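Written below as structure tokens is the structure these notes are about.
Being a predicted model, the structure only gives us computed values, none of them experimental.
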Amino acid sequence: MILRVKKKTRKKKSQDPSTGEPTPEGTISMEILGVVGTVYKFQGMSDFQYLAFAGSSEGSTASLYDKVLLKKPEKEEYFHQEIHLHIPPPIFSRLDNPVDYYYRPNINHRDGYQPPHLSSENLIGLSRARRPHNAIFVNFEDGEVPNEPHPAAVKKWKKLCTNTVDMKVEQEMRRLFTCRPIWSRNAIKANLCLHPDKLKLLLPYFAYYMLTGPWRSLWVRFGYDPRKNPEAKIYQVLDFRIRCGMKYGYNSNEMPVKAKRSTYNYSLPITLKKPVPQAISMQDLTHGLGSLGSKDSKKAPPNKYRLKESVYIFREGNLPPYRQMFYQLCDINVDSLQEIIKRNDGAESECNERDGWCLPKTSDLLRDSMSLMIKQIIRSKRPALFTSPAASSDSKEPLAYESGEEEDEEEEFHPSEGSENEMETELLDYV
């Protein structure tokens, strides 16, 4: 509705001389004029206009438009004249609609917190304290590897390990690192059923984390140095990504392996996320979250935290579950690929940061062979992509559950919502 509001005022002095009291401001009247059938709302922000001007010491401003904009061919002296520095911003706004910006409050650290030392290479500094998981990080060029965990990691795990379930998981983790000195976190999660928050505390108790080199993003048993042991060649990591493009027969939209996270599903800096309270069940309480569980429990807790083998094992004939995978060489279960890895068995002479104990270009040969295998799988299941350039829309429906995994009624647990890169996501848990 259209509402007209009138305010009547009197043009008199602020005070009545006869009474000595201030005159009233006037009366307000309202009237409804009619009903609007159609309303147009322009919620988007208007176009930006960035003016080039220079200020003087007197406070006046002068336009730089004629000096900045080149209207005709000029001589060399024109480009060497003195002019105020004018740099337009690279971007005006990331948003199309005006919204309220939620500023983060000041960080309140605990008593005894010491701010990190700022060097010339880190002028901005850290916005929060380091996460207290007490993991030890090792680079490929470092001299020695640690032989024992950080004392704080031992103390934190011993404080948390309060029931038989945690003790059993600790023994199982010890058995895993005894049989195999180097593990990826996905491989451990596929062989061990443990809550992700507890896994973050248990891993630094048994192993250190490699940041660079052929064993990057892997957890290595304390005291074991893969750079000095040629048999550690089979534990090297292979960063494999499914290739897409016209020369491979399918583009990114037709790729049969879905992305782990959508490109369009991201949080803007103005987004305010409120944590949603999660319901807890008695099974969660008896599964290591407290000491309320009874020994004679009839129903065992489900393995909802255990991942499938396809997240770390590559088998011929199956598609990987994600577009980017980190495989260890020993987990590539294809005979032809193992022959490429074992070409220099017994003749390893030098370990370098790029190829480790393998021959040069071994990773490239493995990626080419694996990409060819994946292309053959797609060709057998989606022949229309390779035979007809103008395939119908019916033949381009996404493949469902073609990565060697069957559909489950229960949703698989995915604790990480960070980067597409698993290594970066894992680092954010400890840094």
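Without hydrogens or angle criteria, N186 side chain to M325 main chain gives no donor-acceptor distance under 3.5 Å. Of the possible donor and acceptor atoms, none in the side chain of N229 sits under 3.5 Å from a partner among the backbone N and O of E231. Side chain of T212 to main chain of F140: a donor-acceptor pair is present (N/O by atom type, distance under 3.5 Å, no hydrogens or angles). Counting only distance, with no hydrogens or angles, the side chain of T362 and the backbone of L359 share a donor-acceptor pair below 3.5 Å. When atom types are taken as modelled, the side chain of S369 and the backbone of L366 share no donor-acceptor pair closer than 3.5 angstrom.
From R323, atom CZ reaches atom CZ of R243 across 15.5 Å, with rounding to the nearest 0.5 Å. The CG atom of L201 lies 13.5 Å from the NZ atom of K158; values are rounded to the nearest 0.5 Å. To the nearest 0.5 Å, atoms CD (Q236) and CD1 (I182) are separated by 8.5 Å. Distance check, rounded to the nearest 0.5 Å: OH of Y205 to CG of L160 gives 12.5 Å. With rounding to the nearest 0.5 angstrom, the CG atom of L203 is 10.0 Å from the NZ atom of K189. Expressed to the nearest 0.5 Å, how far CG of L64 lies from CG of L51 amounts to 10.5 Å.
Other residues, nucleotides and ligands contribute over 12 non-hydrogen atoms within 6.0 Å of the CZ atom of F79. A 6.0 Å sphere centred on CD of E172 holds more than 12 heavy atoms belonging to other residues, nucleotides or ligands.
The shortest side-chain heavy-atom distance between F177 and I188 falls under the 4.5 Å cut-off. Using a 4.5 Å heavy-atom cutoff, the side chains of P226 and L218 are not in contact. Contact check for W215 versus Y235: side-chain heavy atoms found under the 4.5 Å cut-off. The side-chain heavy atoms of I234 and W357, taken from C-beta on, include no pair separated by under 4.5 Å. Side-chain contact check for F326 versus L238: every heavy-atom pair is 4.5 Å or farther apart. The shortest distance between side-chain heavy atoms of I242 and P320 falls below 4.5 Å. Using a 4.5 Å heavy-atom cutoff, the side chains of F314 and V334 are in contact. Side-chain contact check for V220 versus V145: every heavy-atom pair is 4.5 Å or farther apart.
K228 pairs with exactly one of E144, E350, E348 by the salt bridge (charged side-chain N to carboxylate O under 4.0 Å, His left out) rule, that one being E144.
A pairwise comparison of heavy atoms in R306 and L192 identifies NH1-N, 3.5 Å as the closest pair. Contact record, P204 with P149: O-CB, 3.4 Å, taken as the closest heavy-atom pair. Among all heavy-atom pairs drawn from P360 and R343, the shortest one is O-NH2, 4.2 Å. Residues V39 and V36 approach most closely at CG2-CG1, 3.9 Å, considering heavy atoms. The heavy-atom pair separating K361 from D355 by the smallest distance is N-OD1, 3.8 Å. Nearest heavy atom pair, residue K233 against residue I341, reads NZ-O, 3.3 Å.
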How far apart are the C-alpha atoms of R315 and N318, what are their side-chain angles, what is the distance that settles it, and do they pass the side-chain contact (heavy atoms from CB on, under 4.5 Å) test?
-> CA-CA 6 Å; R315 290 186 174 90; N318 293 333; 4.0 Å; yes

Could you give me the CA-CA distance, side-chain angles and deciding distance for D331 and R180, then say whether salt bridge (charged side-chain N to carboxylate O under 4.0 Å, His left out) is met?
-> CA-CA 12 Å; D331 295 326; R180 175 168 157 179; 2.9 Å; yes

Could you please spell out the steps behind the side-chain contact (heavy atoms from CB on, under 4.5 Å) verdict for N139 and M210?
-> CA-CA 6 Å; N139 293 297; M210 289 288 290; over 6 Å; no

For the pair S217 and Y209, evaluate side-chain contact (heavy atoms from CB on, under 4.5 Å) and give the outcome as yes or no after the intermediate values.
-> CA-CA 7 Å; S217 74; Y209 189 83; 3.6 Å; yes

Give the intermediate values and the outcome of side-chain contact (heavy atoms from CB on, under 4.5 Å) for residues N147 and F222.
-> CA-CA 5 Å; N147 294 320; F222 284 114; 5.7 Å; no

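A cation-pi geometry, defined here as NZ or CZ lying under 6.0 Å from the six-membered ring centre and within 45° of its normal, does not hold between R221 and W219.
Using a cutoff of 4.0 Å between basic side-chain nitrogens and carboxylate oxygens, R227 and E141 are not scored as salt-bridged. For the pair D364 and R367, the salt-bridge criterion is met [side-chain N within less than 4.0 Å of a carboxylate O]. Between R241 and D239 a salt bridge is recorded (basic side-chain N to carboxylate O distance below 4.0 Å).
Side-chain contact check for W157 and E170: at least one donor-acceptor pair (N or O, by modelled atom type) lies under 3.5 Å.
Between Y305 and H195, the ring planes lie perpendicular to each other; the angle is over 60°, past the 30° to 60° tilted range.
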